Amino acid sequence: MSFANERKYSKIRSSLHKFVKHGGKPIAVSSFCNALITFSSNLCAVRVIFDILMVTYVNNGNLDLALEAFKRAGDYGFKLSARSCNSMLQMFVKEGKMGNVEFVYKEMVRRRIMVNMITYNTVINGLCKAGKLNKAGDIVEDMKVCGLAPSVITFNTMIDGCCKKGGSGKMYKADALLKEMVEKRISPNEITYNILIDGFCKDCNVAAGIRIFKEMKEQGLRPSVITYNSLINGLCNDGNIDEAMRLRDDMVESGLEPNIVTYNAIMHGLSKNNMLKETQELFDDIVKQGVVVNVITFNILIDAYCKAGNMDEAVSACNLMLERMVLPNASTYNSLIGGYFREGNTKAAHELLDEMKEKGPRADVVTYNIRIDAMCKRGETRKAVKLLDEMSQNGLNPSHVTYNVLVAGYCHQGIPSAALTVKRRMEREGKRPNVVTYNVLIKGFCENGKLEDANRFLNEMLEKGLVPNRTTYDIIKEEMMEKGFFPDIDGHLYNASF
DNA sequence: ATAGGGTTAG
């Protein structure tokens with residue numbers, strides 16, 4: 001592009017920016033496009049203008065209109081650049097709008113827009129984040145067919161997808177991918193190791209995380225603050241605060257400065273281990289040090305107070321947060337609402353729920369789960385089930401917890417048959433019952449004297465490949481065996497973990 | 001322009 005053209009385009013860019021900022025409604029997109037092709041004889045310029053228009057919409061966070069422009073360009077047969085399509089894809093991935101990601105990707109291929117490495121990696125990342133690992137694998141095949149070899153970023157993305165997806169053997173699969181990349185002579189980098197370390201730590205296998213950490217150093221790669229944060233977080237969740245602190249010292253010694261994520265992890269670790277005083281002290285300490293604390297820091301502190309039943313301190317922490325111009329989010333409210341419900345202060349809880357409706361952050365799935373749980377505990381499970389409809393009206397998908405709470409509610413009210421209808425509804429909505437669902441159900445049927453049914457669910461759970469946990473065994477022991485009922489499941493299945 | 005860390009509910 002010549003210098004004159006470059007200047008022209010920068011003018012176009014700023015005019016388009018103004019257009020997008022003010023009158024860029026969908027109807028305007030189409031009339032704009034019409035005007036463009038009617039009055040311009042320079043089709044190459046029109047192509048570029050479409051491209052800039054789309055990028056400008058993306059940069060202004062107006063993704064619907066960006067998509068509209070993308071579709072229009074297609075209607076008129078203008079080939080957009082991969083670069084601008086990629087930036088739209090990235091935003092759709094960030095917002096979790098996978099339907100749009102898949103549509104744009106397919107369109108790009110159909111319109112023969114040169115799909116590049118970044119396109120592939122972005123789409124693969126989106127699918128991995130949505131838990132659609134098989135589909136992500138299909139895209140990896142697509143890229144191979146098009147002559148592009150998966151890069152270290154592709155592998156890292158896929159490995160992270162494995163680590164973050166639930167299910168048994170996920171770390172085994174992640175490890176297999178690591179082996180595969182090494183075989184293909186692609187060297188794992190610092191990020192590969194960070195992903196694996198975090199994956200093992202989250203899989204309750206800090207020991208494996210430390211092993212990878214050592215391997216990383218042996219490979220001559222330098223651990224970063226992120227590496228340490230993953231390990232510190234893992235150790236804290238393991239209740240091993242001392243070791244976490246030692247690692248923090250290591251980190252400082254190797255010239256790395258702990259950041260707010262480090263402190264949040266440690267504060268959370270302290271509070272989870274009932275060390276409220278230490279949590280509070282660390283908070284005061286970092287504030288004194290001048291560390292900029294964020295909404296997560298406050299949420300951890302507020303939640304610690306709420307769990308300790310100290311609502312007054314929770315509220316003053318909330319006020320301090322506002323003083324420091326940190327805005328509360330849904331999690332902040334959720335902690336407080338949960339705290340009030342727990343101490344039986346329904347009035348205060350509802351005042352906060354009203355405040356959320358009026359001006360606060362939008363209620364999320366957790367807010368509903370807390371409300372539903374409180375209703376169930378009051379013996380109003382039927383009423384709680386009605387909230388499922390309100391959730392979908394607000395565009396929220398009930399989670400496993402939502403259904404599990406309802407199942408527990410009916411069991412607790414002595415109507416396990418109603419609990420079963422919730423389980424069926426859950427399956428209808430495409431949520432597979434998990435270990436907690438079965439634990440609740442098994443316990444519920446046992447407590448209602450229906451041991452045979454409970455045994456049936458135990459077998460069903462095993463058939464589905466779900467791995468019983470400590471709670472399952474406790475239920476079997478206390479609710480079945482101590483009542484003289486011996487479950488007719490394979491003996492080895494429950495002998496192994498005792 | 002694409003990949004990695006911290007909070008709430010069962």
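Everything numeric in this text was worked out from a predicted model, so none of it was measured. Below, chain A is the first sequence line, B the second, and so on; all start at residue 1.
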Visitor: Which residues pass the side-chain contact (heavy atoms from CB on, under 4.5 Å) test with Cys318(A), sequence neighbours left out?
Guide: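 Result, side-chain contact (heavy atoms from CB on, under 4.5 Å) vs Cys318(A): Ile302(A), Thr332(A), Leu336(A).
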
Visitor: How would you label the contact of Ile370(A) with the nucleic acid (heavy atoms, under 4.0 Å): base, sugar-phosphate, or nothing?
Guide: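 The residue Ile370(A) makes sugar-phosphate contact but no base contact.
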
Visitor: Touch check for Val405(A), heavy atoms < 4.0 angstrom, all strands: base, sugar-phosphate only, or nothing?
Guide: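 Sugar-phosphate contact only - Val405(A) comes under 4.0 Å of backbone atoms but never of a base.
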
Visitor: Base, sugar-phosphate or nothing for Asn116(A)? Non-hydrogen atoms, less than 4.0 Å.
Guide: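 Contact class for Asn116(A): base.
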
Visitor: Holding to side chain to side chain donor-acceptor pair (under 3.5 Å), I want the full list of residues that pass it with Glu141(A), two or more places apart in sequence or in another chain.
Guide: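 With neighbours one apart ignored, the set is Lys144(A).
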
Visitor: How would you label the contact of Thr157(A) with the nucleic acid (heavy atoms, under 4.0 Å): base, sugar-phosphate, or nothing?
Guide: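 Touches sugar-phosphate only.
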
Visitor: Output the single nucleotide from dA9(B), dG6(B), dT8(B) whose closest atom is nearest the side chain of Ser399(A).
Guide: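 Closest nucleotide among those given: dA9(B).
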
Visitor: State which residues pass side chain to side chain donor-acceptor pair (under 3.5 Å) with Glu107(A); sequence neighbours excluded, sorted by chain then number.
Guide: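 Glu107(A) satisfies side chain to side chain donor-acceptor pair (under 3.5 Å) with Arg110(A), Arg111(A) once adjacent residues are dropped.
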
Visitor: Under a 3.5 Å threshold, yes or no: a donor from one side chain and an acceptor from the other, between Ser151(A) and Thr154(A)?
Guide: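 The criterion, which ignores hydrogens and geometry beyond distance, is satisfied for Thr154(A) and Ser151(A).
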
Visitor: Look at the side-chain N and O atoms of His268(A) and state whether any lies under 4.0 Å from the OP1 or OP2 oxygen of dT8(B).
Guide: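 Yes, within the criterion.
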
Visitor: Please list, chain by chain and in numerical order, all residues satisfying salt bridge (charged side-chain N to carboxylate O under 4.0 Å, His left out) with Glu343(A), sequence neighbours excluded.
Guide: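 If we apply the salt bridge (charged side-chain N to carboxylate O under 4.0 Å, His left out) test to Glu343(A), skipping adjacent residues, there are no hits.
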
Visitor: Nearest-Å distance, CE (Met91(A)) to P (dA1(B))?
Guide: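 It is 15 Å, rounded to the nearest whole Å.
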
Visitor: Does Arg83(A) have any side chain to side chain donor-acceptor pair (under 3.5 Å) partners at least two apart in sequence or in another chain, and if so, which?
Guide: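 Arg83(A) satisfies side chain to side chain donor-acceptor pair (under 3.5 Å) with no residue once adjacent residues are dropped.
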
Visitor: Does the base of dT8(B) carry an N or O that pairs as donor and acceptor with the side chain of Ser331(A) under 3.5 Å?
Guide: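 Under the 3.5 Å cut-off, the side chain and the base do form a donor-acceptor pair.
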
Visitor: I'd like to know if Glu281(A) pairs up with Lys277(A) as an ion pair, taking the criterion as any Lys NZ or Arg NE/NH1/NH2 lying under 4.0 Å from an Asp or Glu carboxylate oxygen.
Guide: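 Looking at Lys277(A) together with Glu281(A), the answer is yes, because their closest N to O distance falls below 4.0 Å.
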
Visitor: Partners of Asn345(A) by side chain to side chain donor-acceptor pair (under 3.5 Å), sequence neighbours excluded?
Guide: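 None.
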
Visitor: Examine dG6(B): is either OP1 or OP2 under 4.0 Å from a nitrogen or oxygen in the side chain of Lys202(A)? Give yes or no.
Guide: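 Answer yes for this pair, as a side-chain N or O of Lys202(A) is under 4.0 Å from OP1 or OP2.
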
Visitor: Tell me which residues in residues 294-317 of chain A lie within less than 4.0 Å of DNA chain B, going by non-hydrogen atoms.
Guide: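 Under 4.0 Å from DNA chain B: Asn294(A), Ile296(A), Asn299(A), Ile300(A), Asp303(A), Lys307(A).
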
Visitor: Among all residues two or more places apart in sequence or in another chain, which pass the ring-ring contact (aromatic ring centres under 6.0 Å, His included) test with Tyr305(A)?
Guide: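 Here no residue qualifies.
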
Visitor: When we call it a touch if two heavy atoms are under 4.0 Å apart, what does Lys164(A) touch: a base, just sugar-phosphate, or nothing?
Guide: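 The residue Lys164(A) makes sugar-phosphate contact but no base contact.
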
Visitor: Please work out if Ser224(A) contacts a base, only the sugar-phosphate, or nothing of the nucleic acid, heavy-atom cut-off 4.0 Å.
Guide: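 Answer is base: heavy atoms of Ser224(A) come under 4.0 Å of a base.
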
Visitor: List for me each residue that meets salt bridge (charged side-chain N to carboxylate O under 4.0 Å, His left out) alongside Glu447(A), sequence neighbours excluded, and say none if there are none.
Guide: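 Glu447(A) satisfies salt bridge (charged side-chain N to carboxylate O under 4.0 Å, His left out) with Lys443(A) only.
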
Visitor: Please give me every residue in residues 245-260 of chain A whose heavy atoms get under 4.0 Å of an atom in DNA chain B, ordered by residue number.
Guide: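 Asn259(A), Ile260(A) - these, ordered by number, are the residues of the stretch whose heavy atoms sit under 4.0 Å from the strand.
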
Visitor: Run the salt bridge (charged side-chain N to carboxylate O under 4.0 Å, His left out) test against Glu355(A) and tell me which residues pass, sequence neighbours left out.
Guide: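 Scan of Glu355(A) (salt bridge (charged side-chain N to carboxylate O under 4.0 Å, His left out), adjacent residues dropped) gives Lys359(A).
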
Visitor: What residues in residues 123-140 of chain A put a non-hydrogen atom under 4.0 Å from any atom of DNA chain B?
Guide: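 The answer is Asn125(A), Lys129(A).
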
